[in-house]
Amino acid sequence: MEGLIMTAQLLLGLSILVGLHELGHLLAAKAFGMRVEKYSIGFPPKIWGKQIGETEYSIGAIPLGGFVKITGMIDESLDTKTLSAEPEPWEFRAKPAWQRLIVMLGGIIVNVITGVIIFILLVYARGENYISKEELNKHGIVAYDLAQQLGLRTGDKMINISGKDFEKYSDLRSPDVLLSTNGYYTVERNGELIKIPIPNDLIDKFSDKNVEFFDFRYPFVIGKVTEGSNAEKGGLKDGDRIMAVNGNEISYFDQFSSMLDTLAGATVDALVLREGDQVNLNLKVAEDGTLGFRAALDQERLNYSHRDFTLGEAMVDGTAQAFNVVFYNIKAFGKMFSGDVSPSKSLSGPIGIAQFFGGQWDWANFWRITGLLSMVLAFMNLLPIPALDGGHVMFLTWEIVTGRKPSDKFLENAQKVGMVLLLGLMTYAIFNDVYKLF
């Protein structure tokens with residue numbers, strides 16, 4: 001079921017983004033009097049189509065892209081049979097270079113606008129929940145394997161990032177930090193300030209399956225006891241707070257989890273705080289080191305802060321978040337070229353993208369990922385590769401600057417080279433997804 005939900009979210013998100021992207025090309029072309037023959041969401045074979053005026057609107061059976069066919073334009077269809085004749089006034093090739101440039105930028109512009117609007121609306125509607133630096137450092141962090149390899153330790157208090165102060169816990173794990181060069185964390189440990197270098201290839205390590213970095217320490221209570229579990233049989237109830245196990249004080253979930261791992265199969269004495277009273281329980285630990293309950297954050301000991309945004313503030317913050325997606329992609333590409341990041345770990349195809357959406361249908365998360373993909377789609381399409389919008393933009397910019405238009409034969413051959421590159425990249429991404437999956 002989770003796989004179906006991931007697939008459905010991927011197809012819906014891509015259909016929205018591709019439809020809007022191609023609509024940007026269509027509207028710009030029609031605005032300049034160009035004839036648009038076809039508008040399709042998805043690639044052939046066609047499963048639905050309707051002719052409206054000069055344009056056929058259709059849906060293709062392969063929902064991983066889309067296209068518009070503008071008369072007189074050398075595109076991925078490589079339909080060049082009409083190019084030997086004199087251009088008609090309604091053809092793409094008959095229009096001034098600046099108009100053709102706007103048409104080619106139309107899809108990218110619409111994707112940017114879409115991404116910005118999605119981020120603005122999410123910020124305005126949901127505000128922001130966060131753990132402040134002060135609240136974080138009441139308890140410190142939990143350092144998992146990757147963090148321990150860097151030199152971080154459970155209980156460390158985070159002081160700054162590369163010498164700069166931070167406001168909230170999420171700042172410590174932002175893409176800006178994970179993609180930094182020669183960065184470092186400053187932590188306080190036993191009253192001493194220690195500098196922990198951040199490896200330049202840190203983001204690469206996050207691509208490994210099941211990798212854990214660090215988290216905030218989690219004061220917990222019993223959120224939900226599983227029916228029929230050892231926790232229920234031992235008398236544990238929702239809302240209980242476990243204070244000690246076998247006489248050892250418990251404050252955080254990482255302490256509790258680590259202790260149970262060493263007591264698998266044993267019966268333990270638990271001191272529980274329930275509605276102000278202390279209760280002693282005998283609890284049987286399962287062989288996998290669990291009792292059978294879902295932990296919940298103890299909000300009396302760790303508080304989230306919340307910030308609401310006015311529409312004006314949301315426009316500023318949402319726009320910044322949207323464009324940060326582009327800036328982080330540029331940083332990631334730079335690290336690929338420098339060798340700090342492995343392309344095989346960082347590039348994702350349809351399977352990898354579907355996994356970003358997750359196996360639960362959460363509309364807020366769906367729109368967040370869709371907004372992110374909209375900005376990524378705009379960035380990728382602007383790359384100067386023939387067959388992408390960026391390739392057309394590159395040749396049209398050359399024409400505007402030099403006054404010399406590349407020949408139709410050159411553009412046709414460039415499209416062929418671009419198609420080979422894109423098909424090769426897509427094949428690599430899909431096989432890479434399958435490899436990482438298994």
Side-chain angles (χ1 to χ4, degrees), residues 10 13-25 28 64-68 75-76 101-120 122-123 174-181 203-204 206-207 317-338 340-350 352-357 366-397 418-419 421-426 428-430 432-433:
L10 171 68
L14 282 183
S15 296
I16 292 170
L17 296 180
V18 168
L20 290 172
H21 179 92
E22 301 303 337
L23 184 64
H25 293 308
L64 296 177
F67 64 91
V68 290
D75 57 16
E76 61 273 10
L101 179 63
I102 292 175
V103 169
M104 296 318 305
L105 288 171
I108 294 170
I109 292 169
V110 168
N111 278 136
V112 169
I113 292 172
T114 300
V116 169
I117 289 174
I118 288 173
F119 276 103
I120 288 173
L122 285 174
V123 170
S174 73
D176 208 29
V177 174
L178 302 182
L179 289 165
S180 65
T181 300
I203 193 69
D204 206 38
F206 276 78
S207 303
D317 193 82
T319 301
Q321 287 188 36
F323 278 99
N324 276 341
V325 174
V326 177
F327 298 145
Y328 295 146
N329 269 273
I330 293 172
K331 270 192 169 184
F333 267 85
K335 283 190 171 285
M336 283 187 202
F337 286 116
S338 69
D340 289 332
V341 172
S342 167
S344 64
K345 291 184 177 181
S346 300
L347 292 177
S348 293
I353 296 172
Q355 290 175 327
F356 286 136
F357 282 102
F366 169 82
W367 285 113
R368 184 181 67 83
I369 300 297
T370 300
L372 184 149
L373 289 177
S374 192
M375 299 303 295
V376 171
L377 184 62
F379 169 73
M380 296 298 292
N381 263 288
L382 195 55
L383 294 177
I385 299 173
L388 289 179
D389 296 342
H392 292 281
V393 168
M394 176 176 62
F395 294 134
L396 285 165
T397 303
M419 287 300 296
L421 288 173
L422 290 181
L423 288 173
L425 183 60
M426 180 168 286
Y428 173 78
I430 292 173
N432 191 46
D433 276 355

message = Between His21 (side chain only) and Gly107 (backbone N and O only), is there a donor and an acceptor less than 3.5 Å apart?
response = yes

key: Qualifying residues under ring pair (Phe, Tyr, Trp, His ring centres under 6.0 Å), relative to Phe357, sequence neighbours excluded   = Phe366

task = Quick one: closest heavy-atom pair of Asn111 and Ala378, and the distance?
result = CB-CB, 3.9 Å

Heavy-atom pair with the smallest gap, counting every atom of Gly318 and Phe119 = O-CB, 3.3 Å

message = Quick check: closest heavy atoms across Ala387 and Leu422, and the distance to 0.1 Å?
response = CB-CD1, 3.8 Å

request  = Please name all residues satisfying side-chain hydrogen bond (donor to acceptor under 3.5 Å, both in side chains) with Thr397, sequence neighbours left out, ordered by chain then number.
outcome  = none

Distance-minimising heavy-atom pair for Pro386 and Pro384 = CD-O, 4.0 Å

ask   = How long is the span from the CD1 atom in Ile102 to the CG atom in Leu396, to the nearest 0.5 Å?
value = 11.0 Å

ask   = Going by the angle between their ring planes, with limits at 30° and 60°, are Phe333 and Phe337 parallel, tilted or perpendicular?
value = tilted

inquiry  = For a 4.5 angstrom cut-off between non-hydrogen side-chain atoms, does Leu105 reach Leu382?
reply    = yes

query = Can you pull the salt bridge (Lys or Arg N to Asp or Glu O under 4.0 Å) pairs that have at least one residue in residues 376-391, sequence neighbours excluded?
reply = none

message = Nearest 0.5 Å, please: how far is CG in Leu377 from CG in Leu14?
response = 8.5 Å

note = Across all chains, not counting sequence neighbours, the side chain to side chain contact (heavy atoms under 4.5 Å, CB included) partners of Leu423 are none

inquiry  = With rounding to the nearest 0.5 angstrom, report the CD1 to CE distance, Ile203 to Met336.
reply    = 10.0 Å

task = For residues Val177 and Ser180, report the shortest heavy-atom separation together with the two atoms involved.
result = O-OG, 2.7 Å

message = For a 4.5 angstrom cut-off between non-hydrogen side-chain atoms, does Leu179 reach Lys335?
response = yes

message = Within this structure, what is the CD1-OG1 distance for the pair Ile16 and Thr114, rounded to the nearest 0.5 Å?
response = 9.5 Å

query = What residues, two or more places apart in sequence or in another chain, satisfy side chain to side chain contact (heavy atoms under 4.5 Å, CB included) together with Ser15?
reply = Ile41

key: pair Met375-Val112: side-chain heavy atoms closer than 4.5 Å   = yes

task = Sequence neighbours left out, what passes ring pair (Phe, Tyr, Trp, His ring centres under 6.0 Å) with Phe356? Give chain and number order.
result = none

query = Heavy atoms, side chains only, cut-off 4.5 Å: are Val110 and Glu22 in contact?
reply = no

query = Does the side-chain contact (heavy atoms from CB on, under 4.5 Å) test come out yes or no for Thr370 and Leu17, once each step is laid out?
reply = CA-CA 8 Å; Thr370 300; Leu17 296 180; 3.8 Å; yes

ask   = Leu425: what forms a side chain to side chain contact (heavy atoms under 4.5 Å, CB included) with it, not counting sequence neighbours?
value = Leu347

message = Using only atom types and a distance under 3.5 Å, with no angle test, would you say the side chain of Ser374 pairs donor to acceptor with the backbone of Gly371?
response = no

Side chain to side chain contact (heavy atoms under 4.5 Å, CB included) partners of Leu122, counting only residues at least two apart = Ile118, Arg126, Trp367, Arg368

task = Measure the shortest side-chain to side-chain distance between Ile330 and Phe379 over non-hydrogen atoms and say whether it is less than 4.5 angstrom.
result = yes

request  = Drop me the distance from Met104's CE to Met394's CE, to the nearest 0.5 angstrom.
outcome  = 12.0 Å

ask   = Which residues satisfy the side-chain hydrogen bond (donor to acceptor under 3.5 Å, both in side chains) test with Asn381, sequence neighbours excluded?
value = none

task = Scan for side chain to side chain donor-acceptor pair (under 3.5 Å) pairs involving residues 318-329, sequence neighbours excluded, and state none if there are none.
result = Asp317-Gln321

task = To the nearest 0.5 Å, tell me how far Ile108 CD1 sits from Met380 CE.
result = 11.5 Å

